[in-house]
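Notes follow the structure.
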2 protein chains.
Amino acid sequence: MRKTVLTFGLLILALLLLFQVSKYAIIGGSLRMEYALAAVALVFFFVGIYLNKKSLSKKHLPPNKIDRQKIMALELSKREYEVLKEIALGLSNREIADKLFLTESTIKTHVSNVLLKLNAKRRTQAIQIAKALQII
Amino acid sequence: MRKTVLTFGLLILALLLLFQVSKYAIIGGSLRMEYALAAVALVFFFVGIYLNKKSLSKKHLPPNKIDRQKIMALELSKREYEVLKEIALGLSNREIADKLFLTESTIKTHVSNVLLKLNAKRRTQAIQIAKALQII
DNA sequence: ATGGCACTCATACTAAAGTACTAAAATGTC
DNA sequence: GACATTTTAGTACTTTAGTATGAGTGCCAT
């Protein structure tokens, strides 16, 4: 917040300066009016783009990004979370086992634990819950 | 594309007009230079914002919204698509059957057809594919 | 060093999911 | 009305998924 105010202040100051400089330069005859107008136009054009980007970036980005806080709160271990991600990719237990160089037994154990911790009855429900919680 | 070119052309024309008008108005003495500069600054400021918003809206908005074209292209029937959505909600065949007042047999038939048409081996993979295709 | 925890794996089941095929209504189209 | 789809449903299996339980290993913190 303080940073925003400071940036704004500096910007306005710089612009007023540009304003005055161009005004007196024109009166003094050392600067053509077209150039002054073009310079002002260009500067404000980019200021508009800059400010717009600033305000948009704070309202459009938060639809994704994973929530590590919730993963901890659910007490999901590293392996369990890893398996959960593979489930969401649509892999079978066999395929996950091969991918992670483990046996299907181990994967089943992890899956069971994930379902318990996410309070899901099926892996498809686990996917839905995980997405709702923004942990995948 | 043609629309974009047209908009751009009109904008540039309008700006050149503003440019010339302000220049001659100042020379004629009917307009103070400060006002001309302020006007140009304001216009370009908003043009900057406008153009920026245009370019961003085409890169940030499309993360959602379903693609009915693809649903048709995949030849998914109404029922099959309905079942697919329930699968994505994490329901079992039994639960889907109860929800749609059908038997589990019927749901299995639909599910098998959905898997075939989406080229998926499992329902979890069907979810992943459907999301990638933006049909759910 | 030891008790706790995460990770690994196994066996033995039970329960879902998925396949293959068949077939009768229901629906919409020409 | 005839024809093509869609929707519904069934039987009979095969394959995955999921549960329960036990147990060995490695790691880390007290």
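Because the structure is predicted, anything quoted here is derived from the model rather than measured. Chain naming here is simple, since letters A, B, ... match the order of the sequence lines and numbering starts at 1 in each.
- Atom CD1 of B:I96 is separated from atom C1' of C:dG18 by 13 Å (rounded to the nearest Å).
- Side-chain proximity of A:S92 to the nucleotides D:dT16, D:dT7, C:dA17 is greatest for D:dT16.
- What separates CD of B:E75 from P of D:dT6 is a distance of 8 Å, to the nearest Å.
- With sequence neighbours left out, B:K70 forms a salt bridge (charged side-chain N to carboxylate O under 4.0 Å, His left out) with B:D67.
- Comparing C:dA17, C:dC9, D:dG18 by their nearest atom to the side chain of B:R123 picks out C:dA17.
- Atoms CD (B:E104) and P (D:dT7) sit 19 Å apart, rounded to a whole Å.
- By the 4.5 Å heavy-atom criterion applied to side chains, A:I135 and A:L118 are counted as neighbours.
- The listed nucleotides are C:dT8, D:dT8, D:dT16; the one nearest the side chain of A:R79 is C:dT8.
- Using a cut-off of 4.0 Å between Lys/Arg side-chain N and Asp/Glu carboxylate O, A:E75 and A:K117 are scored as not salt-bridged.
- For B:S77, whose side chain is taken as the heavy atoms from C-beta onward, the closest listed nucleotide among D:dG10, D:dT7, C:dA10 is D:dT7.
- Note: CD (B:E86) to P (C:dA16) measures 18 Å, nearest angstrom.
- Ranking D:dA17, C:dA16, C:dC9 by closeness to the A:N93 side chain, first place goes to D:dA17.
- Summarising the geometry, the separation between CG on A:D98 and P on D:dT16 is reported as 12 Å, rounded to the nearest angstrom.
- Note on B:T106: a base of the nucleic acid sits closer than 4.0 angstrom, heavy atoms only.
- Side chains of B:R79 and B:N113: a donor-acceptor N/O pair is absent below 3.5 angstrom, by distance only.
- Between A:T103 and the phosphate of C:dA10, there is a side-chain N or O to OP1/OP2 separation shorter than 4.0 Å.
- Each of B:F101 and B:R122 lies near DNA chain D, and the nucleotide nearest B:F101 is the one positioned closer to the 5' end.
- Of the candidate nucleotides D:dT11, C:dT19, C:dC9, C:dC9 has the atom nearest to the side chain of A:S105.
- Taking side-chain N and O atoms only, B:H110 has no distance below 4.0 Å to OP1 or OP2 of D:dT7.
- A:S112 and A:T109 are not linked by any side-chain donor-acceptor pair at a separation below 3.5 angstrom, with hydrogens and angles left out of the test.
- Closest to the side chain of B:T109, from the set C:dT19, D:dA9, D:dT19, is D:dA9.
- Here the nucleotide nearest the side chain of A:K108, chosen from D:dA17, C:dC7, D:dT7, is D:dA17.
- Salt bridge B:R122/A:E95: present, at least one basic N to carboxylate O contact under 4.0 Å.
- Residue A:L91 contributes atom CG, which lies 17 Å from atom C1' of D:dT15 at whole-angstrom precision.
- Of all nucleotides listed (D:dA9, D:dT7, D:dT19), D:dT19 comes nearest to the side chain of A:L115.
- Rounded to whole angstrom, the span from the CD1 atom of A:I107 across to the P atom of C:dA10 amounts to 12 Å.
- To the nearest angstrom, C1' of C:dA6 lies 13 Å from CD of A:E82.
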